[in-house]
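To start, the structure under review is shown below, and the notes come after it.
Proteins get letters first, then strands, A, B, ... in listed order; numbering begins at 1 in each.
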Amino acid sequence: MTIEAHGPVAVATTRKAAPWVFYLCLGLLGLAVVAAVLADWLAPYDPSATDFSALYQQPSAAHWFGTDQLGRDILSRVIHGARPSLLGAIALLAFATAVGVLIGTVAAWKRGWVDTLLARVTDVMFAFPGLLFVVLVIAVFDRGPATAVIGMGLAFAPVIAKFTRSIALEEMARPYVDAYRLQGVGSVELCVRCVLPNLFPTLIGYLVVLFGEGLMSLAALNFLGFGAQPPSSEWGLMVQEGRGGVIQGIVGPALIPGLVIAVVVVATNVVGVRLSDKLAVKA
Amino acid sequence: MTTALLRRFGGLVLTLVISSFVIFAGMYAAPGDPVTFLIGNPENLTPDKIAAVRAEYHLDEPLWTQYARWATGVLHGDLGQSMYYQQPVSDLLSSRLPMTLTLVAMATVLFVVIGVGLGALAALRRGSALDSVVTGFTTFVNSVPNFVIGLVLVAVFAVQLRWFPVAGDGAGLTDRLYHLTLPAIALALGSIALISRVTRQTMTEQQTLDHVEAARSYGLTTRQIVVRHVLRNSLGPVVTMCGLVMAGMLAGTVVIESVFGLNGVGKLLVDAINTHDFPVVQAILLYMVIGYMVVTVAVDLAYPLLDPRTMARSDRS
């Protein structure tokens with residue numbers, strides 16, 4: 001472990017995870033995706049079916065994770081919750097990437113006043129700390145899953161734009177870009193066909209790590225009641241609905257979905273860091 | 001130095017003006033007429049009444065005039081009138097602010113002391129089991145949403161062990177601090193990970209530098225080297241990070257206040273959004289943006305004091 005001192009330290013520590021940890025995390029993520037896709041077949045119960053004779057049941061053979069305050073099966077709800085939770089984070093990241101990569105590439109390509117203007121815009125975005133920008137978007141356009149995703153996407157876009165700009169600047173300094181330019185290849189074509197594909201390997205690892213953060217932020221919004229609405233079993237919303245039980249000493253309905261969020265986030269972080277290592281080596 | 005200061009200040013004012021306009025214009029553009037929320041009872045929605053309410057709240061004026069009116073008011077300390085509570089917004093804010101600021105202050109003390117402490121420990125015992133435990137713990141904590149951490153704390157320390165109250169604000173200073181202990185821990189835990197990582201990294205970098213080697217060859221004790229040279233030289237990045245995290249917390253209390261049922265600014269914001277109380281939303285967003293920017297600028301200005309080398313560098317350029 002003494003080799004560690006040579007590299008950048010913080011990076012080295014998170015990267016020395018054993019291979020089995022990586023495969024375990026990959027497996028957990030796969031499980032979450034399978035749950036999201038096959039929810040209708042996998043879930044033992046209807047996630048919204050209430051059973052007032054079985055409120056707040058402890059885990060049992062019939063209900064592996066127990067039931068919540070309305071007698072709904074928590075396992076089924078968690079399985080069905082995978083879809084809105086994961087899809088939300090994917091949509092948020094897709095939107096943020098589209099906006100961020102566009103801004104970042106244009107800024108790196110054009111430089112000059114375009115770059116300055118875009119830097120100003122991202123500065124203003126950065127002036128809204130954390131969830132605040134999303135809260136503004138939600139206050140304006142009312143709550144709902146779409147607003148939450150778009151608002152959060154706008155909040156994530158500046159980070160991605162800054163990152164893209166920095167790697168795009170490096171890429172554009174390479175000789176092949178000048179070579180293409182001398183051959184008369186147009187700016188847009190050159191960016192889309194040559195530069196962007198070369199940026200993707202670096203970008204993907206970064207995006208996977210951001211995915212965990214996005215999932216967590218989105219869950220926080222849903223916890224506040226600004227995103228998905230009942231009867232959805234999105235994980236953040238489940239935590240909020242289970243909050244009442246915690247005070248009575250019944251922790252399952254709130255903490256099981258909370259734990260699931262945590263596991264998925266840890267798994268994406270491990271996978272993302274490993275992935276960006278591998279992809280960076282290739283590039 | 002003066003020009004740098006002026007430029008920094010100018011940038012601050014510019015960003016502030018733009019942000020305030022974004023906030024105001026956002027509320028202006030919001031679909032749904034605030035008049036309907038103001039009047040409430042649909043039976044009273046007569047054209048005369050609507051016109052009267054519009055005139056009363058200056059909703060009939062163009063955007064620029066409204067913004068100018070609002071901005072002048074804000075500069076004079078008048079944040080407008082809450083549409084829901086029928087109270088001046090500044091009264092609402094000032095009754096909720098102490099709670100939120102106390103919470104942020106407590107969390108800041110916690111994450112600075114514990115975060116820097118853990119980071120320093122990990123840096124000094126690098127490669128040891130302690131280092132792995134600290135890194136592992138902080139990485140894990142960083143991946144758990146803070147509302148889940150908050151609920152775990154409630155379940156364990158408030159419901160099971162009954163050491164702390166489940167919810168509520170508390171009256172008087174000691175009682176308030178007692179009530180805010182769990183929320184402050186929940187708020188601070190995520191940041192402890194970040195701060196300890198930054199501390200560990202900068203301190204490890206410092207330890208490998210020549211001047212530390214020189215100090216060691218002079219025969220200074222490890223303690224002296226760490227306190228006077230390693231820690232002292234690591235202060236810049238660490239303080240910057242602490243400042244940024246604290247600034248972010250001014251807005252980050254929204255979720256934690258909701259978990260613990262605290263009546264702070266964050267709760268007020270959530271309520272105001274749910275009741276379409278736009279003047280309150282505007283004022284709180286503005287407060288949070290200003291708070292965030294003031295702290296970040298303060299950190300920026302403090303940096304040369306902690307690390308005089310940066311001042312020399314900026315003078316030369």
Side-chain angles (χ1 to χ4, degrees), chain A residues 1-2 4-5 8-11 13-14 120-121 123-133 135-143 212-213 215-217 219-221 223-226 236 239-240 242-243 246-251 254-255 257-259 261-270, chain B residues 11 14-16 18-19 22-23 26-27 29-32 123 126-127 131-132 135 139-140 142-149 151-152 154-155 158-160 166-167 197-198 200-201 204-205 208 247-252 254-255 258-259 269-270 272-274 276 278 281 285 288-289 291-293:
Chain A
M1 292 290 152
T2 44
E4 190 191 309
V9 178
V11 182
T13 47
T14 39
R120 277 280 137 227
V121 172
D123 270 359
V124 172
M125 302 277 282
F126 273 124
F128 291 88
L131 289 175
L132 214 55
F133 191 80
V135 169
L136 176 68
V137 172
I138 286 166
V140 173
F141 296 107
D142 220 347
R143 59 211 140 131
E213 211 167 304
L215 188 83
M216 223 159 45
S217 317
L221 270 192
F223 174 79
L224 288 173
F226 286 154
V239 178
Q240 169 68 8
R243 225 190 103 214
V246 172
I247 297 165
Q248 300 168 39
I250 300 148
V251 295
L255 294 193
L259 194 70
I261 299 175
V263 167
V264 173
V265 174
V266 173
T268 39
N269 284 348
V270 171
Chain B
L14 185 67
T15 318
L16 211 56
I18 297 175
S19 321
V22 168
I23 292 171
M27 297 296 131
R126 199 154 42 85
D131 182 18
S132 317
T135 326
T139 314
F140 176 73
N142 208 22
S143 308
V144 185
N146 60 3
F147 59 92
V148 176
I149 291 180
L151 280 175
V152 171
V154 170
V159 178
Q160 288 297 322
V166 169
R197 226 178 294 165
V198 172
R200 182 183 183 282
Q201 189 172 2
T204 336
E205 275 165 19
T208 58
M249 272 185 184
L250 290 172
V254 180
V255 176
S258 164
V259 172
L269 177 62
V270 174
I273 289 175
N274 289 336
H276 296 269
F278 288 162
V281 178
L285 290 181
M288 286 173 171
V289 170
Y292 183 73
M293 291 178 63

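- Listed here is the closest heavy atom pair of A:Phe223 and B:Ser258: CE2-OG, 3.7 Å.
- Nearest heavy-atom pair across B:Val148 and A:Gly258 is CG2-CA, 3.6 Å.
- Top candidate by heavy-atom pairs under 4.5 Å with chain A, chosen from B:Val22, B:Val152, B:Val259, is B:Val259.
- The heavy-atom pair separating B:Gly26 from A:Val140 by the smallest distance is O-CG2, 3.2 Å.
- Interatomic distance, CZ of A:Arg243 versus CZ of B:Phe147, reported as 12.0 Å (0.5 Å rounding).
- Both the backbone and the side chain of B:Val144 come within contact range of chain A, judged by heavy atoms closer than 4.5 Å.
- Heavy atoms of B:Leu250 lying under 4.5 Å from chain A are absent altogether.
- Of the two parts of A:Ala254, only the side chain, counted from C-beta on, holds a non-hydrogen atom closer than 4.5 Å to a non-hydrogen atom of chain B.
- Not a single ring-ring contact (aromatic ring centres under 6.0 Å, His included) links A:Phe226 to another residue, sequence neighbours left out.
- For B:Asn146, there are no side chain to side chain donor-acceptor pair (under 3.5 Å) partners two or more places apart in sequence or in a different chain.
- Contacts of A:Val239 with chain B are made by both backbone and side-chain atoms, with heavy-atom separations under 4.5 Å.
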Should A:Val251 and B:Val159 be marked as a side-chain contact (heavy atoms from CB on, under 4.5 Å) after you check the CA-CA gap, both sets of side-chain angles, and the distance that decides it?
CA-CA 10 Å; A:Val251 295; B:Val159 178; over 6 Å; no
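- Note on B:Leu16, B:Val281, B:Asn274, B:Ile149: by heavy-atom pairs under 4.5 Å with chain A, the leading option is B:Asn274.
- The nearest pair of heavy atoms linking B:Val254 to A:Leu224 is CG1-CD1, 3.8 Å.
- Heavy atoms closer than 4.5 Å to chain B are found in both the backbone and the side chain of A:Leu136.
- Residue with the most contacts toward chain B among A:Ala219, A:Gly212, A:Gly236, A:Pro257: A:Ala219 (heavy-atom pairs, distance under 4.5 Å).
- Residue B:Pro145 comes nearest to A:Met216 through the heavy atom pair CG-CG, 3.5 Å, listed as atom of the first residue, atom of the second, then distance.
- With a threshold of 4.5 angstrom between heavy atoms, A:Val135 approaches chain B through its backbone and through its side chain.
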